[in-house]
Amino acid sequence: MSPITNNKPPISILNVNSLIDGRLGGGTAERTIRLSEQLALRSYDVRILALKIGGAISIKDVDITLIPSVCIRYLLPNPIYFLKIYKCV
């Protein structure tokens, strides 16, 4: 295996979670946030995709895409935004 010749690892990471609000999303939201922060510190290209429910969050060097939900009870993304989801993946 050859060593990485540039400073940035050649990997893009997309973390997907239903919610990233720590109050509403609980432990998985908190873990997604912390994992994304640590990977970004190591110069990985990190993005988060989640539903737009709860408070907004900002993480340095992490692109966060929040998709509006049709119904909070069932956590379904609004179909109007399917193309935006597709572009993230």
Side-chain angles (χ1 to χ4, degrees):
M1 184 189 286
S2 63
I4 297 173
T5 56
N6 58 8
N7 293 336
K8 191 170 188 176
I11 295 176
S12 294
I13 299 167
L14 175 63
N15 289 320
V16 180
N17 201 341
S18 56
L19 305 169
I20 57 169
D21 182 311
R23 186 177 53 84
L24 297 173
T28 60
E30 187 64 29
R31 286 180 185 89
T32 299
I33 293 165
R34 298 296 168 240
L35 175 65
S36 298
E37 285 175 336
Q38 291 303 312
L39 290 170
L41 285 174
R42 288 163 178 75
S43 300
Y44 286 96
D45 177 27
V46 182
R47 295 178 293 152
I48 295 176
L49 176 63
L51 291 175
K52 189 176 187 176
I53 299 173
I57 186 169
S58 175
I59 305 171
K60 184 181 177 191
D61 298 326
V62 176
D63 180 31
I64 300 173
T65 302
L66 299 175
I67 305 295
S69 178
V70 172
C71 176
I72 295 174
R73 180 176 179 183
Y74 297 112
L75 301 177
L76 298 171
N78 190 325
I80 295 171
Y81 295 93
F82 282 176
L83 182 59
K84 191 172 185 179
I85 294 170
Y86 176 77
K87 288 179 180 180
C88 285
V89 177

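Source: prediction; values computed, not measured.
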Say whether I11 and V46 are linked into one hydrophobic cluster, either directly or through other cluster members, by side-chain heavy-atom distances under 4.5 angstrom. yes

Give the minimum heavy-atom separation between P77 and I85, together with the two atoms involved. CB-CD1, 4.0 Å

Check whether any side-chain heavy atom of L19 lies under 4.5 Å from a side-chain heavy atom of L75, and answer yes or no. yes

If every non-hydrogen atom of I20 is compared with every non-hydrogen atom of I48, which pair is closest and at what distance? CG2-CG2, 3.8 Å

Under 3.5 Å, which donor-acceptor pairs do the side chains of residues 52-68 form with other protein atoms, sequence neighbours left out?
none

Let me check something: do L83 and I80 share a hydrophobic cluster, defined by ILVMFWY side-chain heavy atoms less than 4.5 Å apart, either directly or through other members? no

Using side-chain heavy atoms (C-beta onward) and a distance below 4.5 Å, is N15 in contact with N17? no

For the student: nearest non-hydrogen atoms of K87 and R47, plus distance: O-NH1, 4.1 Å

Shared hydrophobic cluster, V16 / F82 (ILVMFWY, side-chain heavy atoms < 4.5 Å): yes

According to side-chain hydrogen bond (donor to acceptor under 3.5 Å, both in side chains), who are the partners of R34, at least two apart in sequence or on a separate chain? E30, E37

